[in-house]
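To start, the structure under review is shown below, and the notes come after it.
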Amino acid sequence: MEKKQILCIGHITHDRIITPATPEGIDCAGGTAYYVAWAMNHMPHDVSFGVITAVGDDLRHEIDRLRQAGVDIEDLGSPTSVYFENSYGRNMNNRRQRVMSKAAPFTADQLKDAEAEVFHLGTLLVDDFAPEVVEHLAEKGRVCVDVQGYLREVRNHRVYAVDWSDKLRVLKHTDILKVNEHEIDVLTDGERDLRRAARMIAGWGVREVLVTLGSYGSLIYADDRFHEIPGYPPRQTVDATGCGDTYAAGYLYARARGASCEEAGRLAAAMCTLKLEHTGPFDSTIEEARKIISTF
């Protein structure tokens, strides 16, 4: 795979989504790599993008679908795939999650030939990316981390939010960090003031802190400035799974095109609104996202 402007590394997952609209559950693919890949594929193809993933035999057909759609994707293979069960109530900002199976972690040796300006690491479970893997990638490009997996401890299939012991080692090599309002609380040991929490994370070495707040929008801290990004209301709320990944895709795409942090955050938020209106990955256009922004 040739060097990319953005290279997403993470597991594609088998997801079972349970919502009030689908109480019997819907089985589909998921994971950061999946949602970011489809979102990026619906953007103008003026930013070079690729994916490195690792799946079991049950998800090889999803690799084929992405390749047929034009996504440059490499599958490292795994004995089994990650399998999540995600349950939502009427409030889509809250999720109950179970892990039914795991995939093999990524190693520095596997990624020795990976080249990118920005590596977006979609952590799903704490052992997906060991600190030495992040350190290796940081020597070659900027590192963006979705923190969610580092804060997940699995006990009897249930997922519990915990802080992680290697955070200072990892975050000093992290240029962009995406967290939600629950994750930043865990990460900063209960700091409830979002601005103080964001400054704390920046003090650990992170240059751009992206705090997603569900329907309330997002907060970006970079270069000692805060940017408040609105949450654009959807026409209907169907499924929040993958919204955080869609946000990351929109933000990284816009930043690669030279947008400011605030401009990138607004595009990311509008893309989340469009994704929220259906189950599955983002399948709209940048023009539709810009239309949402222009109406508020």
Side-chain angles (χ1 to χ4, degrees), residues 5-10 32 36 106 108 111 116-152 161-214 217-229 244-256 258-269:
Q5 288 174 271
I6 301 170
L7 179 61
C8 180
I9 308 173
T32 295
V36 169
F106 297 94
L111 302 175
E117 294 177 15
V118 176
F119 297 97
H120 178 48
L121 307 186
T123 70
L124 298 177
L125 297 170
V126 69
D127 56 356
D128 284 351
F129 298 96
E132 56 266 25
V133 175
V134 180
E135 291 164 348
H136 167 69
L137 295 174
E139 293 176 355
K140 302 193 287 183
R142 300 177 71 207
V143 172
C144 175
V145 172
D146 187 323
V147 80
Q148 59 182 338
Y150 279 127
L151 305 181
R152 285 174 174 158
V162 297
D163 202 352
W164 101 95
S165 59
D166 293 318
K167 73 179 179 185
L168 296 184
R169 180 179 171 186
V170 169
L171 293 180
K172 73 178 181 179
H173 297 287
T174 300
D175 295 277
I176 304 169
L177 184 74
K178 190 192 77 63
V179 298
N180 65 27
E181 69 271 36
H182 307 297
E183 293 158 353
I184 198 170
D185 180 63
V186 174
L187 193 62
T188 60
D189 195 27
E191 175 55 71
R192 296 304 179 95
D193 185 297
L194 288 178
R195 291 177 178 243
R196 281 202 296 265
R199 286 194 178 100
M200 185 186 302
I201 293 170
W204 297 335
V206 179
R207 295 182 181 180
E208 297 174 31
V209 182
L210 318 179
V211 187
T212 58
L213 304 170
S218 56
L219 182 70
I220 298 172
Y221 182 60
D223 297 323
D224 203 30
R225 290 185 58 196
F226 285 99
H227 307 275
E228 294 187 5
I229 311 299
D245 300 317
T246 302
Y247 187 100
Y251 185 85
L252 292 176
Y253 168 81
R255 292 290 278 156
S260 68
C261 292
E262 183 164 350
E263 291 168 336
R266 287 179 178 273
L267 176 64

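Numbers for residues simply follow the sequence, beginning at 1. Hydrogens, waters and symmetry mates are skipped; everything else that's a heavy atom, side chains included, is used.
A distance of 5.5 Å separates CD in E132 from CZ in R169, rounded to the nearest 0.5 Å. A distance of 9.0 Å separates OG1 in T123 from NZ in K178, rounded to the nearest 0.5 Å. To the nearest 0.5 Å, atom NZ of residue K140 and atom CG of residue L137 are 6.0 Å apart. Here the straight-line distance linking atom OG1 of T212 with atom OH of Y247 works out to 7.5 Å at 0.5 Å rounding. For the atom pair CD1 (I229) and SG (C261), the distance works out to 9.0 Å, reported to the nearest 0.5 Å. The OH atom of Y150 sits 11.0 Å away from atom OG of S165, with the distance rounded to the nearest 0.5 Å.
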* Asked: So D163 and L151, side chain to side chain contact (heavy atoms under 4.5 Å, CB included) or not? Walk me through it.
  -> CA-CA 5 Å; D163 202 352; L151 305 181; 4.3 Å; yes
* Between H136 and F129, does a side chain to side chain contact (heavy atoms under 4.5 Å, CB included) hold up when you go through it step by step? -> CA-CA 11 Å; H136 167 69; F129 298 96; over 6 Å; no
* Would you check, one step at a time, whether the test side chain to side chain contact (heavy atoms under 4.5 Å, CB included) holds for W164 with V170? => CA-CA 10 Å; W164 101 95; V170 169; 3.8 Å; yes
* Run the side chain to side chain contact (heavy atoms under 4.5 Å, CB included) check on N180 and Q148 step by step: do they pass? -> CA-CA 8 Å; N180 65 27; Q148 59 182 338; over 6 Å; no
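The minimum heavy-atom distance linking Y251 with A264 is given by the pair CD1-CB, 3.5 Å. The nearest pair of heavy atoms linking L252 to I6 is O-CD1, 3.5 Å. Taking all atoms of both residues into account, the shortest heavy-atom contact from G265 to I220 is CA-CD1, 3.8 Å. Across L219 and L213, no two heavy atoms sit closer than the pair N-CD1, 4.4 Å. Between E183 and V147, the shortest heavy-atom distance links the atoms OE1-CG1, 3.7 Å. Of all non-hydrogen atoms in H120 and A248, the two that sit nearest each other are NE2-CB, 3.7 Å.
D166 meets the side chain to side chain donor-acceptor pair (under 3.5 Å) test with no other residue; sequence neighbours excluded. By the side-chain contact (heavy atoms from CB on, under 4.5 Å) test, E263 pairs with A259, S260, sequence neighbours left out. Remark: A138 pairs with V143, H173 by the side-chain contact (heavy atoms from CB on, under 4.5 Å) rule, at least two apart or across chains. With sequence neighbours excluded, the residues that form a side-chain contact (heavy atoms from CB on, under 4.5 Å) with D185 are R192. By the side-chain contact (heavy atoms from CB on, under 4.5 Å) test, K172 pairs with no residue at all, sequence neighbours left out. Contacts of R142 classified as salt bridge (Lys or Arg N to Asp or Glu O under 4.0 Å), with partners at least two apart in sequence or in another chain: E208. The side chain to side chain donor-acceptor pair (under 3.5 Å) search around Y253 returns D46, not counting sequence neighbours. Residues satisfying the salt bridge (Lys or Arg N to Asp or Glu O under 4.0 Å) criterion with D127, sequence neighbours excluded, are K102. Scanning for salt bridge (Lys or Arg N to Asp or Glu O under 4.0 Å) contacts around E117 gives an empty result, with sequence neighbours left out. Residues passing the side chain to side chain donor-acceptor pair (under 3.5 Å) test with T174, sequence neighbours excluded: none. A search for salt bridge (Lys or Arg N to Asp or Glu O under 4.0 Å) contacts involving R207 returns D175, not counting sequence neighbours.
Among residues at least two apart or in separate chains, salt bridge (Lys or Arg N to Asp or Glu O under 4.0 Å) pairs with a member in residues 217-228 are R195-E228.
You'll find the side chain of L187 reaches within 4.5 Å of the side chain of L177, heavy atoms only. Residues R152 and L124 meet the side-chain proximity criterion, which asks for heavy atoms closer than 4.5 Å.
Looking only at atom types and distance, the side chain of T32 has a donor-acceptor partner in the side chain of D245 under 3.5 Å away.
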